[in-house]
Engineer: 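Sharing a structure with you now.
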Protein chains: 2
Amino acid sequence: MLDTGFTLIREKGYAATRVDDICAAAGVTKGGFFHHFRSKEDWAAAVAAHWGEVTSSLFADAPYRDLADPLDRVLGYVDFRHMILQGSTAEFTCVAGTLVQEIHLESPAIRAAAAAAIFGHAETLVADIAEARAAHCPQADWSPESLAAFTQAALQGAFVLAKAKGGPDTARAIVDHLRRHVEMLFGVPHGSGGLKAGAGH
Amino acid sequence: MLDTGFTLIREKGYAATRVDDICAAAGVTKGGFFHHFRSKEDWAAAVAAHWGEVTSSLFADAPYRDLADPLDRVLGYVDFRHMILQGSTAEFTCVAGTLVQEIHLESPAIRAAAAAAIFGHAETLVADIAEARAAHCPQADWSPESLAAFTQAALQGAFVLAKAKGGPDTARAIVDHLRRHVEMLFGVPHGSGGLKAGAGH
DNA sequence: ACAAACATACCAACCGGTCGGTATCTTTGA
DNA sequence: TCAAAGATACCGACCGGTTGGTATGTTTGT
């Protein structure tokens, strides 16, 4: 019921998703739905929270997490995001970003849950960025938090442009620029290291 | 009727905006509304097209456009975007981005109009970027188009994070990183030149 | 036995869109 | 010149399918 929310919200948005759609997709009836959720809004907030958990474990278990060097992990993160930009927009775009863009002023509960997913994910990057910064450019005039936020903005924006264009190509070019940004900040030559080499794109 | 659409869509999104809301805000009746637009969808597509025109003239008339050096114009653009990040999210976020994120799969007409506004705006940056690239780094391995797209992604993403956080502060920090990205690409020292100096933020 | 987990039937409000009608402006013809 | 004819702009009551939510019954696990 929460998982089907991912598809529904990414395909139709929150307001256009009907409770009956959710029931049909999840194989339950309306009575069952309202047994578990006080309202449609309550459901959407739960979906956002669930999205945060699912993505959390996706990135925690990703192979780049095992790299020894913190900068490799940061670049590995960017490359991993590049890699998962595949299929239709409904497959790779962000549920939390879609929700928050649509209802940020109408539903504080959904907004808060989606914001927690987004900024909670950004938070997981901060430690690696801080370590890499200390090792490569301790005098830099930017904070680890601001770079983490910038990566999330570039990705969320990549999703918006991908939806406008209808495919992942534009988004991949944007993530390429994001990688270049990280490389330049840390003073590493373009294209070196990371999981990207040999991935063939 | 088109202008009120900017506020409505930014505050409630497309699906949650009722035709009655539009009529009340614009001071017309339902009959009048459907006299000018075949459907609500038709109206939204017109709003997206109008948004493209309004932003087009906003940036065409901005002061940074008069700068002689192409790189100054590119940096001036980024600084201008930084400057207009003021007030509530409903005042500075992008109508086309909001629309496309919500209905890209449900309404091809709205998607196309919003995409035209976004990529049409990006297109206006390409000439300046190409000139600056030729002057400062003709061997660079990135295209003017890809950088233009990257700026739009960073901005659209900044809007998403701003909506999640509830104010423009996060968005400004993201645009700061965007400026740094442009500076590094063109090899200029951080914080030099442009309209930002003395603007006091 | 009993509460949690469903299902069925139903409702009242809502909402996009229609329709007959009116007021005003433009064109036409003699 | 001016009235008949037609086009355009606009109004607001109304329609009927939709929708989030409820009330009540049934099944299931312990």
Side-chain angles (χ1 to χ4, degrees), chain A residues 1-51 53 95 98-114, chain B residues 1-51 53 95 98-114:
Chain A
M1 201 128 68
L2 294 176
D3 288 308
T4 62
F6 296 168
T7 310
L8 253 26
I9 288 170
R10 292 200 270 202
E11 282 180 354
K12 304 156 72 83
Y14 168 72
T17 295
R18 308 302 162 197
V19 174
D20 285 336
D21 295 338
I22 306 165
C23 296
V28 296
T29 59
K30 235 174 191 175
F33 177 88
F34 281 101
H35 175 72
H36 290 284
F37 305 101
R38 221 179 309 119
S39 65
K40 183 186 168 191
E41 182 183 2
D42 185 35
W43 167 79
V47 169
H50 185 52
W51 174 253
E53 289 161 17
V95 172
T98 305
L99 272 173
V100 86
Q101 178 118 2
E102 185 180 346
I103 47 73
H104 63 120
L105 290 178
E106 297 231 295
S107 167
I110 303 178
R111 201 219 87 245
Chain B
M1 202 127 69
L2 293 176
D3 289 306
T4 64
F6 296 168
T7 309
L8 254 31
I9 287 169
R10 290 199 273 200
E11 284 180 352
K12 303 154 73 81
Y14 167 73
T17 295
R18 308 299 162 199
V19 173
D20 285 334
D21 294 339
I22 305 165
C23 295
V28 297
T29 58
K30 228 169 194 177
F33 178 88
F34 282 101
H35 175 72
H36 290 285
F37 304 101
R38 222 176 308 119
S39 65
K40 184 187 166 190
E41 182 183 4
D42 185 35
W43 166 81
V47 169
H50 186 52
W51 173 254
E53 289 161 17
V95 172
T98 305
L99 272 173
V100 86
Q101 178 119 3
E102 186 180 345
I103 47 71
H104 62 123
L105 289 178
E106 296 230 295
S107 167
I110 303 177
R111 202 220 86 244

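By convention in this document, chain letters (A, B, ...) are assigned in the order of the sequence lines, proteins followed by strands, and residues within each chain are numbered from 1.
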Engineer: What pairs of residues pass the side-chain hydrogen bond (donor to acceptor under 3.5 Å, both in side chains) test when at least one of them lies in residues 37-51 of chain B, not counting sequence neighbours?
Structural biologist: D3(B)-H50(B), E41(B)-S107(B)

Engineer: So, using ring pair (Phe, Tyr, Trp, His ring centres under 6.0 Å) as the criterion, who are the partners of F34(B) when residues are at least two apart?
Structural biologist: none

Engineer: With sequence neighbours left out, which residue pairs that include part of residues 9-18 of chain A fulfil the side-chain hydrogen bond (donor to acceptor under 3.5 Å, both in side chains) condition?
Structural biologist: none

Engineer: Nearest 0.5 angstrom please: I9(B) CD1 to T4(B) OG1, how far?
Structural biologist: 9.0 Å

Engineer: Excluding sequence neighbours, so at least two apart, what forms side-chain contact (heavy atoms from CB on, under 4.5 Å) with A49(A)?
Structural biologist: none

Engineer: Over the length of the helix from dA1(C)-dT30(D) to dA30(C)-dT1(D), how much do the five-pair end axes diverge, rounded to 10 degrees?
Structural biologist: 20°

Engineer: Who are the side-chain contact (heavy atoms from CB on, under 4.5 Å) partners of A112(A), not counting sequence neighbours?
Structural biologist: none

Engineer: By side-chain hydrogen bond (donor to acceptor under 3.5 Å, both in side chains), which residues pair with Q101(B), not counting sequence neighbours?
Structural biologist: T98(A)

Engineer: State, yes or no, whether a side-chain contact exists between L2(A) and F37(A) at a heavy-atom distance under 4.5 Å.
Structural biologist: yes

Engineer: 5' to 3' on DNA chain C, which nucleotides open and close the contacts with chain B (atom under 4.0 Å from a heavy atom)?
Structural biologist: dC15(C) to dT18(C)

Engineer: Counting only heavy atoms and a strict 4.0 angstrom limit, can you tell me which residues of residues 16-24 of chain A come near DNA chain D?
Structural biologist: T17(A), R18(A), V19(A)

Engineer: Taking the side chain as C-beta and beyond, is there a heavy-atom pair between T29(B) and C23(B) under 4.5 Å?
Structural biologist: no

Engineer: Hey, can you pull the residues of residues 1-9 of chain B with a non-hydrogen atom under 4.0 angstrom from DNA chain D?
Structural biologist: none

Engineer: Please list, chain by chain and in numerical order, all residues satisfying side-chain contact (heavy atoms from CB on, under 4.5 Å) with A24(A), sequence neighbours excluded.
Structural biologist: none

Engineer: Which letters describe nucleotides 7-16 of chain D, given B = protein heavy atom under 4.0 Å from base, S = only from sugar-phosphate, - = neither?
Structural biologist: --BBBB----

